[in-house]
Each structure stands twice: as structure tokens, then as C-alpha cells.
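See structure below.
The model shown is predicted, which means the values in this text are computed figures rather than measured ones.
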Amino acid sequence: ELFGIDHPILLGGMHHLGRSGVVAGVVNAGAMGFITPRSFDSLDEYRADLRRCRELTGGRPFGVNLTISRRPGFNQDAPAWIEIALEEGVRHFESAGTSPEELIEPIHRGGGVLMHKCPSVRHALTAERLGVDAVALVGLEEGGHPGANQLSTFVNGAVALERVRIPLVVGGGIGSGRQIAAALAMGADAVVMGSRFMVASEIEAHEALKQRIVALDEHCSIAILGTLNDTWRVMANETAREVQRLEAAGARSHREFGDLILSTRTRERVYLGGRVEEGIVSLGPAGGFADVVEPAADIVARLMRDAAEAAGRFVQRLHAPASACAA
């Protein structure tokens, strides 16, 4: 109800990949997606993509991701991201990174709602106190940056549901309809996903990367940069393993990894060039559920069909006679 969607699936922000094509595909299928302003080289390109998404969705609500960096100077465009989104009719926002405190007032003043994504129950409670409209709680399985959290998605979520009073979304490692059904049965209001949609046909990434992900299983990801207190869950490839080797050798600053960890390298070499070993790709174990390249709408449909089937079996078992359960 808060996001005006039919299905409890949110496509979270995807750096360089969160553009109108895949977001519109998800939105038109009845779910929610967030365009990532950091994916664009200029504010004009960002505005143009918002307009394209509005045309593609035909008036359905879609959102914008606001990832706020801890690094000085990396957030100077955040006020403009919000202002442009509101001017273009966007009313749904997802924030991540540092505290959402500075984002809440301008978004609410413009008639928008804000969901803050965070790695721990403590952060979720802080965000609730600050006045966000919903929180997304991620586990250590999340592709990208799950923070210093060492709890799994479902442990994190179960604890949060005892304490958080606003709508709660869970994410991290979720790539199947069975997991969606489990999250809803636990009491979550929706799930946030990313890795499962890396093989959507609308994703603007090289076909070689999509086929690599299709070929992977649930062991497709590894964690890097934990020694820098900047854990990053990524696709297991040669670049990620080289970062691990440098960490093991004592590297303790971002500078010591050179261009290995730069997103511009990933965009040029992997997303555009298809050289899948030569950059860092955010990916969690949910990538192991990606078994074919297909439209985002088909992914949503499969997820919801499988979730409904799993929920039906659960309800059947829940209400079965005790003797049948014992059998």
C-alpha cells in the first residue's frame, strides 16, 4: 500500500545498472524498482532517464535510490537528486549508506515517502525514530555493501519484527519464490532484491556477464574489504580474488588496491566490454537462482508463482491434523 504495488518485491538500487529499462520492467510487472542517480554522468542524463521511465511505466509509481557515501565530497549532488526526482513526479525513495536524517525533510515536504536500507536492527530503530516511512533490513548475504553486520537475513529480520513498528522489508540472498513466502510468513511486508535481476534482459550489461551469472551456483560470491571495515559481497572472479590476496598481504587502505576496486573499471571492462574477470561486480548468493536471461517481468512472474505455491503448501501443513504432521 505504501508503494502502490501489487507484489511484495522491491528491486533495490544497482550502481551503473539501475536505469529506466529494468526498473520499468519490474514496475510494469506489479513490483517496485529504484533508479540510481549515481549511474549517470550528469544530472541532465539522470533527469532524462526519469522521464523515460515515466513514459515506459505509463503512470505507475517508480522510485529513486539515494546511496549516501561516507567519503567526503561524494554526496554534493544528493539535494539535486531529490529535487529533480520530485519535479519529475517521483514520490518513492530508497536510501542507503549513512544516516537518512538529512533526506527525510525534503522528501516529506515534497510529498514523498522514504524507505531506509540498513544492516542492523539498531540502525533500523534509529531510522524509525528519525521519521522514515519504512525500513529495509539486509543480512550479510546481500550483494554489494551489507555493512559490518554478521547476522543472516532471516535472523536479522526475525529480531527486527519484535521491535520495529513501521513497515519492514528484508533482503540479502533472496532469489527464489520460496524465500519470499518464508519472509512474508515470518512477518515481513516485502523483500528487497538485486542479484536475481542481474540477468534481466533489460539490464544494460554485456551478455557475457549475464551468461556467466547464469552458469554460477549459490557459491557465486565472496566477501572482500572486510579488513577495511567496508565489506563488499561480490562475484567470485579473478579481480575479487586479487583483492583478497592483497588484503591477506596486509593492504589496509582503499588506495592500496589501485583501480581494482573502482566502479569505473567495472563499467568499462565488465558491463560494457564483457571481460568478466576484470572488475568487481556486486553480487550475492541469490545470483545462483538466476538460470536464464529473460525479461524482468518474467522473473517477477516466476518469483510470485513459486511464492504462491510455497505459501499454499505451508498453509496446508499448518492446518493439517496432528496425526498427518507426525506421519
_Residues Asp230, Arg70: salt bridge by 4.0 Å N-O rule_ = yes
*Partners passing salt bridge (Lys or Arg N to Asp or Glu O under 4.0 Å) against Arg267 (at least two apart in sequence or in another chain)*: Asp41
*Do you see a donor-acceptor pair shorter than 3.5 Å between the side chains of Ser263 and Thr266?*
no
_Under 3.5 Å: donor-acceptor pair, side chain of Ser195, backbone of Leu283_ = no
*Output all residues satisfying ring pair (Phe, Tyr, Trp, His ring centres under 6.0 Å) with Phe289, sequence neighbours left out; order by chain, then residue number.*
none
*Over all atoms of both residues, closest heavy-atom pair of Asp133 and Pro167*: O-CD, 3.4 Å
*Verify, without hydrogens or angle tests, whether Tyr46 (side chain) and Trp81 (backbone) share a donor-acceptor contact under 3.5 angstrom.*
yes
_Could you list the cluster mates of Leu272? Members are the ILVMFWY residues connected by side-chain heavy atoms closer than 4.5 Å, either directly or through other members._
none
*Any sub-3.5 Å donor-acceptor pair from Asn237's side-chain atoms to Ala240's backbone N or O?*
yes
Report, one line per pair, each donor and acceptor closer than 3.5 Å where one atom sits in a side chain of residues 20-32; sequence neighbours left out.
| residue | atom | partner | partner atom | Å |
| --- | --- | --- | --- | --- |
| Ser20 | OG | Asp49 | OD1 | 2.8 |
| Ser20 | OG | Arg52 | NH1 | 2.6 |
| Asn28 | ND2 | Ala24 | O | 3.2 |
| Asn28 | ND2 | Leu56 | O | 3.1 |

*asked:* Any side-chain to backbone donor/acceptor pair from Lys210 onto Ala200? Under 3.5 Å, distance only.
replied: yes
*Quick check: does any side chain N or O of Gln179 sit under 3.5 Å from a backbone N or O of Ser176, one acting as donor and the other as acceptor?*
yes
_Less than 4.0 angstrom from a charged side-chain N to a carboxylate O is my criterion; do Glu202 and Arg19 meet it?_
no
*Quick one: side-chain contact (heavy atoms from CB on, under 4.5 Å) partners of Arg129, sequence neighbours excluded?*
Thr126
_Check Glu142 with Arg233, please: is the shortest side-chain N to carboxylate O separation under 4.0 Å?_
no
*Check: Glu94/Asn65 side-chain N/O donor and acceptor closer than 3.5 Å*: yes
*asked:* Closer than 3.5 angstrom, by distance alone: can the side chain of Glu128 be matched with the main-chain N or O of Val135 as a donor-acceptor pair?
replied: no
*Apart from Leu228 itself, which Ile, Leu, Val, Met, Phe, Trp or Tyr residues share its cluster (side-chain heavy atoms under 4.5 Å, direct or through members)?*
Ile222, Ile224, Leu225, Trp232, Val234, Val243, Leu246, Phe257, Leu260, Ile261, Ile280
*Is Leu184 linked to Val300 within one hydrophobic cluster, defined over Ile, Leu, Val, Met, Phe, Trp and Tyr using a side-chain heavy-atom separation of less than 4.5 Å?*
yes
*Under the salt bridge (charged side-chain N to carboxylate O under 4.0 Å, His left out) rule, what do Arg302 and Glu294 come out as? Steps first, then yes or no, please.*
CA-CA 11 Å; Arg302 290 175 62 191; Glu294 60 185 340; 2.6 Å; yes
*Going hydrophobic residue to hydrophobic residue with side-chain gaps under 4.5 angstrom, can you get from Val132 over to Val138?*
no
*asked:* Could you walk me through whether Arg252 and Glu247 satisfy the salt bridge (charged side-chain N to carboxylate O under 4.0 Å, His left out) test, starting with their C-alpha distance in whole Å, then the side-chain angles of each, then the deciding distance to 0.1 Å, before giving a yes or no?
replied: CA-CA 7 Å; Arg252 292 296 181 269; Glu247 282 190 89; 5.4 Å; no
*Can you tell me if Ser95 and His116 form a side-chain donor-acceptor pair at under 3.5 Å?*
yes
*With a 3.5 Å cut-off and no angle check, do the side chains of Glu278 and Thr239 form a donor-acceptor pair?*
no
*Going through the checks in order, is the salt bridge (charged side-chain N to carboxylate O under 4.0 Å, His left out) test met by Glu83 and Arg47?*
CA-CA 10 Å; Glu83 182 180 359; Arg47 185 188 293 272; over 6 Å; no
